[in-house]
> 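Next up is a structure, given as structure tokens.
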Amino acid sequence: MSGNPQAASLTTRLVGLGSYAPERIVTNDDLCEIVDTSDQWIMTRTGIRERRFAKDSEFTSDMAAEASRRAMKTAGIGPEEIDLLVVATITPDMAFPSTACLTQAKLGLGKVCSFDVEAACSGFLYALDVADALVRARDYRYALVIGSEKLSTIMDWEDRSTCVLFGDGAGAVIVGKGSGAGGELMGFFSEADGSNPSLLCQPGGGSAQPASEDSLQKRQHFLKMNGREIFKVAVRLMERAARKLLEKHGLTPADIACVIPHQANARIVESLAQRLELPIDRFFCNLDRYGNTSAASIPIALKEAYEEWDFNNGDHILMVSFGAGLTWSSGLIRWTK
Ligand code: UT7
């Protein structure tokens, strides 16, 4: 990436946070009418109580745009001040153009650089890392970074082991330069391992298995997951992402005031807390209300943690994720009041 050699020393920070959850609440009991499951199984195995489903007429870009309007409002900035738009999603409105381009038009932004990042549940942290680097390197004023998902469109209602886990929603943040109030972006750590893609994937609809009668009949356009295997690697990889980033900044888990984990499963969060030797009450969780919203889970949780936990000056906040790919990522924020 070309750019100003002095730019790397610039401070970047989060100056606005917004989220959007569709109106329709779907409880575990509602799902019992569709698949052979129970509130008790879902609660004890995952910690999920309910999730939101978007309307048929409400797309990933619509949720992205609404979360963004709310983020811009908290930042006190208008669409004309956004110079970069990055959207993380695995449920784009369509294969192309990108959801970022569709969202740009819905928000009435200028003709700014707009693109999607696809790293599944790690997508938001990957996107924030890229946007942070671009804001440092270029003369962008503000970047809008969004995680938005309409996972209800790729859930297989004949697979009870996956269809109870996911929900729809969006979260957005505004990244700007300079010091001052807000969350200073200290750094990121991201890795991936593409050697076993079938652990978690949506096999149909791409160039390997284009839509056909056969692909439809084999239900290849739905999300497929080996949950047990993913569970094991998720805990290990989230711990790795957390420790690597903390070490780089001379910090230990004990220095972290708040962890925002990817919201997939309460038992994964508990295991991560044990491995990091941190009390569970340092982890912000809202998956009971939203389920797993993939790329949207961290920005939605970050915005709610900010509102509910009242971060103190100097607090370190650690975001950590894992997802299909496999991908795993962490991001560190220092809060300034
Ligand atoms: O964002 C990244 C995405 N992925 C994840 O984070 C998922 C990670 N994995 C998990 O969260 C867990 O593995 C699951 C929640 C998906 C599953 O929990 P588990 O404790 O690993 O259950 P299991 O797959 O080992 O299944 C245990 C039993 C099975 O029955 P048998 O064979 O023991 O008789 C399943 O058939 O639970 C059964 N089962 C269900 N029962 C009721 C699976 N799904 C359901 C269900 N309701 N919805």
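Predicted model, so just to flag it, every value in this text is computed and none were measured. These values consider heavy atoms only, across backbone and side chains, with no hydrogens, waters or symmetry-generated copies. Order of listing sets the numbers, starting from 1, for every ligand and every atom in it.
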> Parallel, tilted or perpendicular: which one describes the rings of F284 and W309, with boundaries at 30° and 60°?
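The arrangement is perpendicular - the two ring planes meet at more than 60°.
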> Taking all heavy atoms of N292 and all of C121, pick out the closest pair and write down the distance.
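Scanning both residues completely, I find the closest heavy atoms to be OD1-SG, 4.2 Å.
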> Is it true that F189 and W328 have ring centroids separated by less than 6.0 Å?
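No, the ring of F189 stays outside the 6.0 Å limit from the ring of W328, centre to centre.
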> Can you confirm, on distance only, whether ligand 1 has an N/O atom lying under 3.5 Å from any N/O atom belonging to G227?
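Among all N and O atoms of G227, at least one is under 3.5 Å from an N or O of ligand 1.
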> If the cut-off is 4.0 Å to any non-hydrogen atom of T37, which atoms of ligand 1 fall inside it?
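By the 4.0 Å cutoff, the relevant atoms are 42 (C), 46 (C), 47 (N), 48 (N).
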> Do any non-hydrogen protein atoms sit less than 4.0 Å from atom 29 (C) of ligand 1?
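It does not: no protein heavy atom is found less than 4.0 Å away from atom 29 (C) of ligand 1.
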> Report the part of L200 (side chain from C-beta onward, or backbone N, CA, C, O) that has a heavy atom under 4.0 Å from ligand 1; answer both or neither where that applies.
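Side chain only; the backbone of L200 stays clear of ligand 1.
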> Taking only Lys NZ, Arg NE, NH1 and NH2, and the carboxylate oxygens of Asp or Glu, determine whether R240 and E191 approach each other closer than 4.0 Å.
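Yes, R240 and E191 are salt-bridged.
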> With atoms numbered from 1 as shown, which atoms in ligand 1 lie under 4.0 angstrom from a non-hydrogen atom of I230?
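Checking each atom against I230, I get 4 (N), 5 (C), 8 (C).
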> Numbering the atoms of ligand 1 from 1, which are under 4.0 Å from a heavy atom of R45?
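Within the 4.0 Å cut-off of R45, ligand 1 contributes 19 (P), 20 (O), 22 (O), 27 (C).
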> Using a 3.5 Å cut-off on N or O atoms only, is S38 in polar contact with ligand 1?
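There is no such contact.
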> State whether a side-chain donor-acceptor pair under 3.5 Å links D159 with S161.
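Yes, because at least one side-chain N or O of D159 sits under 3.5 Å from a partner of the opposite role on S161.
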> So if I count the atoms of ligand 1 from 1 in the order they appear, which ones are less than 4.0 Å from some heavy atom of M225?
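With M225 as reference, the close atoms of ligand 1 come out as 3 (C), 4 (N), 5 (C), 7 (C).
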> For atom 26 (O) of ligand 1, state which one of R160, R228, Q40 supplies the nearest heavy atom.
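Closest candidate by heavy-atom distance is R228.
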> Between R141 and E81, does any NZ, NE, NH1 or NH2 come within less than 4.0 Å of an OD or OE carboxylate oxygen?
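Looking at R141 together with E81, the answer is no, because their closest N to O distance does not fall below 4.0 Å.
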> For ligand 1, which atoms sit closer than 4.0 Å to a heavy atom of C121?
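Atoms satisfying the 4.0 Å criterion: 1 (O), 2 (C).
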> For ligand 1, indicate whether the residue N292 contacts it via side chain, backbone, both or neither (heavy-atom separation under 4.0 Å).
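Under 4.0 Å from ligand 1, N292 contributes side-chain atoms alone.
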> Evaluate the side-chain proximity of F222 to Q202: yes if any heavy-atom separation is below 4.5 Å, no if none is.
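Heavy-atom side-chain distance check fails, nothing below 4.5 Å.
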> List ligand 1 atoms under 4.0 Å from V164, heavy atoms only on the residue side.
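The atoms of ligand 1 under 4.0 Å from a heavy atom of V164 are 48 (N).
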> For ligand 1, which part of T46 has a heavy atom less than 4.0 Å away: the side chain, the backbone, both, or neither?
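The side chain, only.
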> For ligand 1, which atoms have a heavy atom of F322 less than 4.0 angstrom away?
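This gives 2 (C), 6 (O) as the contact atoms.
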> Do you know the tightest heavy-atom contact between I42 and I48?
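Closest approach of I42 to I48, heavy atoms only: CG2-O, 3.5 Å.
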> Please find the pair of heavy atoms, one from G323 and one from A120, that lie closest to each other, and give the distance.
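Looking at all heavy atoms of both residues, the shortest contact is C-CB, 4.3 Å.
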> Nearest protein heavy atom to atom 39 (N) of ligand 1: under 4.0 Å?
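So far as the 4.0 Å threshold goes, atom 39 (N) of ligand 1 is in reach of a protein heavy atom.
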